> 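Provided herewith is a single structure, encoded as structure tokens, for subsequent inquiry.
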Amino acid sequence: MGAPGSKITWARERHVNVRDSMLVLTASHEDWESNGVLYAGNVHSKDKVTVEPPVYFEARCNFIQGVGWQNAFWSKPNDEAWPPEIDVVEYLQPSASRADESSHNLHYAASGIPGDSSTHRSVNGSHEYSSESEWPGNTFHVYGVEWREDAIRHYVDGQLVEETTDPDVLESFNRGGPEYLMLSLNLDNVGTTDKSVSWEGREYLTDWVRVWDYTPDSSDGGDTDTSESHYVWVRSANGEEATFAFRAGDGNIRLDDSGQEADYWIADDGMTAGGSVARTSSLPGFRIDGPITDLAYDGPLEIYVDDQQVDPDTLVDPNTEGPTDPNALPNTVTIDGSPYSETASYSVTVSDSIEPAKEMNQADSIDGATATGTVGGGSDKYAFSGSIASLSVDGKADVRLNGLAVDELVVRRSSESSGTVSYIVETTGRLMQSRQDGATIDSSDAVDSSKAKGRVDADADAFWLVDGDVVDVSTFGGSVVTELNGTVIDRTD
């Protein structure tokens with residue numbers, strides 16, 4: 001993004017950090033007076049993750065607000081033959097009056113030849129936000145692009161904000177791919193930043209970046225959009241308590257609390273959620289993938305999907321099998337020792353309530369929110385509400401959460417490294433922390449859905465991986481050995 005002394009932004013590593021499993025980009029101006037240099041954080045996926053049609057990609061971001069700050073999530077050709085370029089979103093303010101607007105642009109070569117900047121043209125779109133609390137600098141939004149050979153579509157929180165079907169534009173993109181992704185900060189490119197104040201605490205936050213390929217839909221022979229996401233929130237209709245439970249078709253339920261609190265829970269597999277509510281306002285919501293497929297409630301409940309009120313009695317097809325009792329324990333955990341000859345002991349602690357889902361053996365017991373027992377040639381099954389707080393198994397046994405396989409993932413420092421090694425593990429499933437195999441849980445270790453980060457020295461970190469595989473391990477300051485169910489699956493240098 002420029003070189004020192006050029007009076008444009010220069011990328012610097014110390015402005016890229018991960019905190020609470022979230023990417024944090026910052027910037028500084030301490031060298032501006034001496035040499036006109038501004039520093040900022042930037043990350044990219046060049047030669048690692050690329051996109052080309054048909055594909056959908058998105059990121060959940062909260063930007064820095066202020067004149068002269070250019071926050072961006074974008075893509076450009078992996079071979080650097082620019083244009084084309086997809087600006088999934090840019091949040092930039094040449095003046096304070098633009099704080100309520102995000103930009104969604106395409107840059108292309110009118111000749112259709114990748115890299116022909118002499119014929120550079122652009123398609124410019126924008127999206128305005130209804131209230132100050134919804135401005136991109138004040139809260140998170142999901143910004144996505146659907147790239148097909150016959151159309152490019154921009155979305156904000158699942159809402160279509162720009163569509164391009166011009167064949168000349170599309171030719172440039174279809175010939176210029178694949179493209180890699182970037183999250184970046186640029187300063188003073190549009191507007192001038194205020195350098196009389198400290199920029200400490202100003203952060204461009206990214207919760208996640210996701211990419212989906214399209215797969216054939218046998219029902220119509222076309223493509224299926226797997227990017228459907230929704231925002232769901234509920235409230236009491238009259239201030240009296242209501243309880244509810246629902247299932248998301250594609251899962252990945254996340255709580256979007258925006259600083260609000262409520263008596264809500266999300267199952268560890270991310271497929272079901274629920275709770276109780278007695279308030280009519282100032283409530284958190286849920287981000288979900290896919291439609292609501294099951295819903296049960298009791299009491300004066302109102303439900304909103306993408307800020308549109310819907311009738312809870314007609315939201316779900318009555319022929320589908322749903323959670324008929326919202327007060328029933330919605331989750332199950334099974335410890336299955338039947339495939340193995342030896343006996344294994346276990347302990348399961350949940351955040352709410354747990355009870356046997358089948359007749360208990362004499363050696364099994366429940367004390368408060370903790371179930372303990374042994375299995376050998378058979379299995380034990382429990383129903384519970386809330387989430388799993390801790391799970392340990394001593395011996396050989398298969399674990400299933402809501403019917404989904406649970407594997408043991410262990411991260412250790414490799415023998416070639418010394419001192420403390422930091423790591424980030426990304427998976428396709430859902431992670432929970434564990435104390436298996438003498439693993440420790442330190443203040444620096446954190447889990448956010450499918451990602452885990454931490455630091456290991458002489459100790460090890462352990463996690464339970466629900467219904468997924470490890471897709472990437474990144475390290476800093478050394479290398480680690482990653483084991484899944486005791487088998488080394490990745491050695492990162």
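Everything quoted here is computed from the prediction, not taken from an experiment.
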> Relative to the ring of Phe463, is the ring of Tyr423 parallel (under 30°), tilted (30 to 60°) or perpendicular (over 60°)?
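Tyr423 vs Phe463 ring planes: perpendicular.
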> Just checking, is any N or O donor in the side chain of Asp336 or Ser338 under 3.5 Å from an acceptor N or O on the other one?
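Judged by distance alone, the side chains do pair up.
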> Return the minimal non-hydrogen interatomic distance between His104 and Val89, and the atom names on each side.
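That closest heavy-atom pairing would be CE1-CG2, 3.7 Å.
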> Is any side-chain heavy atom of Glu58 closer than 4.5 Å to a side-chain heavy atom of Val88?
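A side-chain contact is absent here, since even the closest heavy-atom pair is not under 4.5 Å.
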> Less than 3.5 Å apart, any donor N or O on the side chain of Asn186 or Ser184 sitting next to an acceptor on the other?
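Result is no, nothing qualifies.
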> If the threshold is 4.0 Å, N to carboxylate O, is there a salt bridge linking Arg235 and Glu302?
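Glu302 and Arg235: salt-bridged.
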> Report, as yes or no, whether the 6.0 Å neighbourhood of atom NZ on Lys46 holds more than 12 heavy atoms from other residues, nucleotides or ligands.
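More than 12 within 6.0 Å, yes.
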> Indicate whether any N or O donor in one side chain lies under 3.5 Å from an N or O acceptor in the other, for Asn138 and Tyr129.
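Absent: no donor and acceptor within the cut-off.
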> So, the side chain of Asn42 versus the backbone of Leu185: is there a donor-acceptor pair under 3.5 Å, distance only?
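Flag set: sc Asn42 to bb Leu185 pair under 3.5 Å.
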> Does any donor atom in the side chain of Ser347 or Thr372 lie under 3.5 Å from an acceptor atom in the other side chain?
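Note: Ser347 and Thr372 side chains miss the donor-acceptor criterion.
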> Taking all heavy atoms of Phe73 and all of Leu183, pick out the closest pair and write down the distance.
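For Phe73 versus Leu183, the nearest heavy atoms are CD1-CD2, 3.5 Å.
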> Please confirm whether the backbone N or O of Ile424 pairs with a side-chain atom of Lys453, one donor and one acceptor, at under 3.5 Å?
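Checking the backbone N and O of Ile424 against the side chain of Lys453, no donor-acceptor pair under 3.5 Å is found.
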> Quick test of your reading of the model: are Lys451 and Glu426 salt-bridged, counting only N-O distances below 4.0 Å?
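Not counted as a salt bridge, because no side-chain N and carboxylate O are separated by less than 4.0 Å.
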> Do Trp147 side-chain atoms and Val51 backbone N/O form a donor-acceptor pair below 3.5 Å?
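The answer is no, because no donor-acceptor pair under 3.5 Å joins these two groups.
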> State which residues pass side chain to side chain contact (heavy atoms under 4.5 Å, CB included) with Ser131; sequence neighbours excluded, sorted by chain then number.
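Expected list: Ser133, Glu134.
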> Would you say CG of Asp150 has more than 12 non-hydrogen atoms from neighbouring residues, nucleotides or ligands within 6.0 angstrom?
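Enclosed.
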> With sequence neighbours excluded, tell me which residues meet ring pair (Phe, Tyr, Trp, His ring centres under 6.0 Å) with Phe57.
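Listed in chain order: nothing, the list is empty.
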> Would you check if His127 and Tyr143 make a side-chain contact, meaning some heavy-atom pair closer than 4.5 Å?
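Answer no - side chains too far apart.
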> Side chains of Glu90 and Asn105: donor-acceptor distance under 3.5 Å anywhere?
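Side chains of Glu90 and Asn105: pair found under 3.5 Å.
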> Give the C-alpha distance, both sets of side-chain angles, the deciding distance and a yes or no for side chain to side chain contact (heavy atoms under 4.5 Å, CB included) between Thr26 and Arg14.
CA-CA 9 Å; Thr26 56; Arg14 76 174 179 87; over 6 Å; no
> Is the shortest side-chain heavy-atom distance between Val209 and Val49 below 4.5 Å?
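Val209 vs Val49: side chains apart.
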> Can you name the residues that form a ring pair (Phe, Tyr, Trp, His ring centres under 6.0 Å) with Tyr204, not counting sequence neighbours?
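For Tyr204 the ring pair (Phe, Tyr, Trp, His ring centres under 6.0 Å) partners, ignoring immediate neighbours, are Phe63.
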> To the nearest 0.5 Å, tell me how far Asp298 CG sits from Glu241 CD.
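Here the interatomic distance stands at 9.0 Å.
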> Looking at OG of Ser103 and CG of Leu92, how far apart are the two atoms once the value is rounded to the nearest 0.5 Å?
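Rounded to the nearest 0.5 Å, the OG-CG separation comes out at 5.0 Å.
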> From Met182 CE over to Ser45 OG, what is the distance, rounded to the nearest 0.5 angstrom?
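It is 9.0 Å, given to the nearest 0.5 Å.
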> Step by step, work out the side chain to side chain contact (heavy atoms under 4.5 Å, CB included) result for Ile64 and Trp199.
CA-CA 10 Å; Ile64 298 173; Trp199 291 350; over 6 Å; no
> Between the side chain of His154 and the main-chain N/O of Thr164, is any donor-acceptor distance below 3.5 Å?
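No, the answer is negative, given that no donor and acceptor are paired below the 3.5 Å cut-off.
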> Give, for atom CD1 of Ile489 and atom CG of Asp469, the distance between the pair rounded to the nearest 0.5 Å.
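If I round to the nearest 0.5 Å, the distance is 8.0 Å.
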> Looking only at non-hydrogen atoms, find the nearest pair between Ala27 and Trp69 and report the distance.
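Looking at all heavy atoms of both residues, the shortest contact is CB-CZ3, 3.8 Å.
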> Which heavy atom of Arg412 sits nearest a heavy atom of Ala460, and at what distance?
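Minimum heavy-atom separation between Arg412 and Ala460: NH1-CB, 3.6 Å.
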> Short question: side chain of Thr475, backbone of Val480 - any donor-acceptor pair under 3.5 Å?
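Checking the backbone N and O of Val480 against the side chain of Thr475, no donor-acceptor pair under 3.5 Å is found.
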> How close do Glu179 and Ser75 get, counting heavy atoms only, and between which atoms?
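Where Glu179 meets Ser75 most closely, the heavy atoms are OE1-OG, 2.6 Å.
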> Checking Leu283 against Val234 for the side chain to side chain contact (heavy atoms under 4.5 Å, CB included) test, could you report, in this order, the C-alpha distance in whole Å, the side-chain angles of both residues, the deciding distance, and whether it holds?
CA-CA 8 Å; Leu283 288 157; Val234 302; 6.0 Å; no
> Residues two or more places apart in sequence or in another chain: which of them pass ring pair (Phe, Tyr, Trp, His ring centres under 6.0 Å) with Trp135?
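With neighbours one apart ignored, the set is empty.
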> Ignoring hydrogens and geometry, is there a side-chain-to-backbone donor-acceptor pair from Ser351 to Ala389 under 3.5 Å?
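Looks like no, no N/O pair under 3.5 Å.
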> List for me each residue that meets ring pair (Phe, Tyr, Trp, His ring centres under 6.0 Å) alongside Tyr264, sequence neighbours excluded, and say none if there are none.
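Testing Tyr264 for ring pair (Phe, Tyr, Trp, His ring centres under 6.0 Å), a comparison that skips the adjacent residues, returns Phe244, Phe286.
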> Quick one: are Val333 and Val350 in side-chain contact, heavy atoms under 4.5 Å?
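No - every pair of side-chain heavy atoms lies 4.5 Å or more apart.
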> State the CG-CD1 distance between Asn252 and Ile266, to the nearest 0.5 angstrom.
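Reported to 0.5 Å precision, the distance equals 9.5 Å.
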> Got a donor-acceptor contact below 3.5 angstrom from the Asp294 side chain to the Phe246 backbone?
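Side chain of Asp294 to backbone of Phe246: no pair is present.
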> Atom CG in Leu23, atom CG in Leu205: separation rounded to 0.5 Å?
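With rounding to 0.5 Å, CG (Leu23) is 8.5 Å from CG (Leu205).
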> Under the salt bridge (Lys or Arg N to Asp or Glu O under 4.0 Å) definition, can you give me all pairs with a residue in residues 279-288, not counting sequence neighbours?
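For residues 279-288, and leaving out neighbouring residues, the salt bridge (Lys or Arg N to Asp or Glu O under 4.0 Å) pairs sorted by first residue read Asp157-Arg287, Asp256-Arg287.
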> Check for a donor-acceptor pair, side chain of Asn71 on one end and backbone N or O of Tyr91 on the other, with a separation under 3.5 Å.
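At least one qualifying donor-acceptor pair exists.
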> For Leu106 and Ile86, run side chain to side chain contact (heavy atoms under 4.5 Å, CB included): C-alpha distance rounded to whole Å, both residues' side-chain angles, the deciding distance at 0.1 Å, then the answer.
CA-CA 5 Å; Leu106 299 174; Ile86 299 176; 4.0 Å; yes
> Any side-chain heavy atom of Asp472 within less than 4.5 Å of one from Ser474?
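Asp472 vs Ser474: side chains touch.
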> With the side chain counted from C-beta on, respond yes when Val145 and Trp74 share a heavy-atom pair under 4.5 Å apart, and no when they do not.
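No; the side chains remain at least 4.5 Å from each other.
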> Which atom names give the shortest non-hydrogen contact between Asp364 and Thr374, and what distance separates them?
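Closest approach of Asp364 to Thr374: OD1-N, 3.2 Å.
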> Does any N or O in the side chain of Asp289 come within less than 3.5 Å of the main-chain N or O of Ile253, such that one atom is a donor and the other an acceptor?
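No.
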> Just checking, is any N or O donor in the side chain of Tyr155 or Glu146 under 3.5 Å from an acceptor N or O on the other one?
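A donor-acceptor contact under 3.5 Å links the two side chains.
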> Can you find a pair of side-chain heavy atoms, one from Tyr340 and one from Asp398, that are under 4.5 Å apart?
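The answer is yes, as the side chains (C-beta and beyond) meet within the 4.5 Å cut-off.
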> Any side-chain heavy atom of Asp380 within less than 4.5 Å of one from Thr334?
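Not in contact.
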